[in-house]
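The structure under discussion appears below in the form of structure tokens.
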Amino acid sequence: MVRWASNRMAGHMVLLTRPLTQTLLLASDTALLVFALWAAYTLRLGEFFIPNGKQVALMACAPLLAIPVFLKMGLYRSVIRYLGEQALWSVFKGMSLAALFWAVLAFMTQMTGVEGVPRAVPLVYWLMGLVLVGGSRFTARWLLWMPIRQRFSGRQVLIYGAGAAGRQLAVSLRSGRELFPAGFLDDDPTLLSKDIDGLRVYTPQHLPKLIKRFDIRDVIVTLPSASNARRREVVSFLEKHPVRVRILPALTDIASGKHLVNMVREVDIGDLLGRDAVAANPALLGHCITGKVVMVTGAGGSIGSELCRQIAELSPKQLLMFDANEHALYQIDRTLREAGHGTAQKDGYLPLLPCLGSVRDAGLVTRLLRTHGVQTLYHAAAFKHVPLVESNAVEGTENNVMGTQITAQAAFETGVETFVLVSTDKAVRPTNVMGATKRWAELLVQDFASRAKVAGTGQRFCAVRFGNVLGSSGSVIPLFKEQIARGGPVTVTHPEVTRYFMSIHEAVELVIQTGSLAFGGEIFLLDMGEPVLIMDLARNMIQLAGHSLRDEHHPKGDIEIAITGLRPGEKLYEELLIASSNAESTNHPKIMKAREPVLQTEALADKMHQLRLALNANDAATRTNCNLLAPPWMTAVDVLSLQSPDWPLQ
């Protein structure tokens, strides 16, 4: 019955307008101050106090002196529901001044009545006023919050960022039924302790107290225009507390018009990289694509499929999607057609053309390039899982090296204008077969660039070298997510392993733009910021998943990190350049180009001949031995020392 009555009262109080609420507060304070003064007399005299006329007039002056002070202290500006402890300080200051003014009035004007004013009355009045005025506000706050606590118990959230996006999100949350905003967190000193749309703005340092007071379990970060470095700083601060962190997307996503509540997403690991995304140059994006026939090898892979998605948005005359994996090719073709691409024929060209086949099939590759008049070719077909290629070196070499040679040769012979190889930072001083094969591929592309210059064809052959791609099939991120979902342990090969990271979208934008920047023979690099310690990445992913780390300092944690040891051919850190002094700037502020060592055509042809003989000789044996290549074969063709000083370089 009591709960029903309090809920009913709270419901009526919530519906009151702000002016009416302030008027009720003024009336309440007037009555409470008069009562406080009467109670002070009663307590001091020890009997029921009946004032005379002068004493009634003196008691009536108490609220007249106090209300202006309270107005100045802001006691009527605060929204009662979101009243904080800082209001106690305002009540303390206001009541202290009000009691002092009343005491001066009482003793200096001799409005004392027959019995006079006992000296203890002002002090008791001050204490009673503090209790009654402050208590009335916090009692009202308790009544207002009671139904909300019952309805949204454990579902109140704090919004980090009191800007326009945060305010709009608060309005959206209030209109919903799942979550309720308890207040804002913001670092702006001009906003602290203020009320925005009825919500109090707190400093982030108050988070532990707010978690206990409002039973906060979620914090939503609304910093859509902030840099990734700033987001990483905020998320790093929040993940130290027992809350789930979610984040609002960037302004470009908000501009799409979706409902803000539906756009709140879990914190992505990309938010922790501390590096802003590289802005794309629209002119560079469309230069090699718009109105041209474009082909992507490895179109069904993680990089290849994103290439196809972005290319399709740039209005090519035709897009050939080439892949040996039937299911992957079907998926990207279906995705693009559902997005509205490839339905209308242009000038006799079918905009989307899925092509099944291998880059090791020279006849097929040449026929496709010549028949369709391909002008731009992005070569993303490759085996890139380091451990798998390490134990299947013959297949890895056939696909990554011989496939690149066949594709580049066909592009050269059929007059393809721009050829872009998707390479990797593992090609720099490679210590594993995958990295070595990609360096071989770079050397081949550089050789065809030299041939094009000598022949004067105007064709451009280049490569793009970058680090790990978030979410790609070869990235460590999906592995960590799977291990966390199973309850751990999360496996890290070495506590000091570092890697460069970038998003798939950003990597593909780079690949597309480099074709426009190329003159021939370049290896393009992205300014990828600082490398990320994989141990830190593992810890962050565990915490972002809502789990705690189990180690020697926290034996009761949820998930542990297990050190498994470096895998064969694995480096502690990756590099982007063979020599740190050979990087040059380009027209894009975040893209560099490297002039890496190039083999003379005759020397490279000789090495490729040795490689082919070795592959042929070892193929039959390795097929029956899990495709493991013998060390003598690797030594014979310098697979792992592609920067050997005795090679004749151009």
Side-chain angles (χ1 to χ4, degrees), residues 280-301 303-324 328-357 359 361 363-381 406-422 445 448-449 452 457-464 505 507-520 524:
N281 184 330
L284 294 179
L285 282 174
H287 182 73
C288 294
I289 294 174
T290 304
K292 294 182 180 291
V293 179
V294 184
M295 179 172 174
V296 177
T297 67
I303 296 293
S305 59
E306 180 63 23
L307 266 169
C308 292
R309 275 187 281 269
Q310 292 196 29
I311 290 171
E313 295 290 340
L314 295 170
S315 302
K317 180 185 289 185
Q318 186 175 41
L319 172 59
L320 280 71
M321 300 175 292
F322 189 75
D323 202 293
L329 186 61
Y330 165 74
Q331 289 294 341
I332 184 59
D333 181 59
R334 181 176 63 84
T335 299
L336 293 182
R337 292 183 188 280
E338 288 179 353
H341 302 291
T343 55
Q345 191 165 318
K346 301 178 182 178
D347 302 325
Y349 287 87
L350 190 64
L352 291 183
L353 184 62
C355 306
L356 269 175
V359 291
D361 187 338
L364 174 61
V365 174
T366 303
R367 186 167 60 254
L368 285 173
L369 296 179
R370 180 171 288 117
T371 301
H372 297 279
V374 173
Q375 296 163 282
T376 303
L377 196 158
Y378 295 97
H379 182 48
I406 289 169
T407 306
Q409 178 74 42
F412 180 72
E413 293 175 352
T414 57
V416 170
E417 298 171 3
T418 306
F419 181 101
V420 181
L421 167 72
V422 177
V445 170
F448 279 104
T457 63
Q459 295 170 282
R460 300 175 299 168
F461 289 78
C462 66
V464 189
H505 183 83
V508 166
E509 280 188 343
L510 169 65
V511 172
I512 293 174
Q513 291 173 91
T514 52
S516 304
L517 293 170
F519 290 97
F524 290 95

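FYI, the numbering just counts along the sequence from 1. Note that these values count all heavy atoms, side chains included, but never hydrogens, waters or copies made by symmetry.
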For the [atom1] atom of [X] and the [atom2] atom of [Y], what is their distance to the nearest 0.5 Å?
X	Y	atom1	atom2	answer
R309	I311	CZ	CD1	11.5 Å
T457	F412	OG1	CZ	5.5 Å
L356	Y330	CG	OH	13.0 Å

Backbone of [Y] reached by a side-chain donor or acceptor of [X] within 3.5 Å:
X	Y	value
E306	H505	no
T514	V464	no
T366	G363	no

*By side-chain hydrogen bond (donor to acceptor under 3.5 Å, both in side chains), which residues pair with T407, not counting sequence neighbours?*
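Per chain and number, T407 pairs via side-chain hydrogen bond (donor to acceptor under 3.5 Å, both in side chains) with no residue.
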_Evaluate L353 against M321 for side chain to side chain contact (heavy atoms under 4.5 Å, CB included), listing each step before the verdict._
CA-CA 6 Å; L353 184 62; M321 300 175 292; over 6 Å; no
*Considering residues at least two apart in sequence or located in another chain, which fulfil the side-chain contact (heavy atoms from CB on, under 4.5 Å) criterion with T376?*
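Scan of T376 (side-chain contact (heavy atoms from CB on, under 4.5 Å), adjacent residues dropped) gives C288, K292, V294, Y378, T418.
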*Show your reasoning for whether side chain to side chain contact (heavy atoms under 4.5 Å, CB included) applies to F419 and Q459.*
CA-CA 8 Å; F419 181 101; Q459 295 170 282; over 6 Å; no
Answer yes or no: is there a side-chain heavy-atom contact under 4.5 Å between [X] and [Y]?
X	Y	answer
L368	F322	yes
I512	I289	yes
L377	V420	no
F519	R460	no
H372	L320	yes

*Is R334 paired with E338 through a side-chain N to carboxylate O contact shorter than 4.0 Å?*
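Looking at E338 and R334, the cut-off is met.
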For the residue pair [X] and [Y], what are the closest heavy atoms and their distance?
X	Y	answer
P354	R337	CD-NH2, 4.0 Å
F461	A408	CE2-O, 3.8 Å
I332	C308	CG1-CB, 4.0 Å
H379	L421	CD2-CD1, 3.6 Å
A312	L336	CB-CD2, 4.2 Å
G357	L364	CA-CD2, 3.7 Å

*How far apart are the C-alpha atoms of L517 and L284, what are their side-chain angles, what is the distance that settles it, and do they pass the side chain to side chain contact (heavy atoms under 4.5 Å, CB included) test?*
CA-CA 7 Å; L517 293 170; L284 294 179; 4.0 Å; yes
*H287 and Q513: side-chain donor and acceptor closer than 3.5 Å?*
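No.
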*asked:* Using the rule given for side chain to side chain contact (heavy atoms under 4.5 Å, CB included), can you reason through D323 versus T297, listing the C-alpha separation, both sets of side-chain angles and the distance that settles it, and then say yes or no?
replied: CA-CA 6 Å; D323 202 293; T297 67; over 6 Å; no
*Tell me the salt bridge (charged side-chain N to carboxylate O under 4.0 Å, His left out) pairs involving residues 364-375, sequence neighbours left out?*
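For residues 364-375, and leaving out neighbouring residues, there are no salt bridge (charged side-chain N to carboxylate O under 4.0 Å, His left out) pairs at all.
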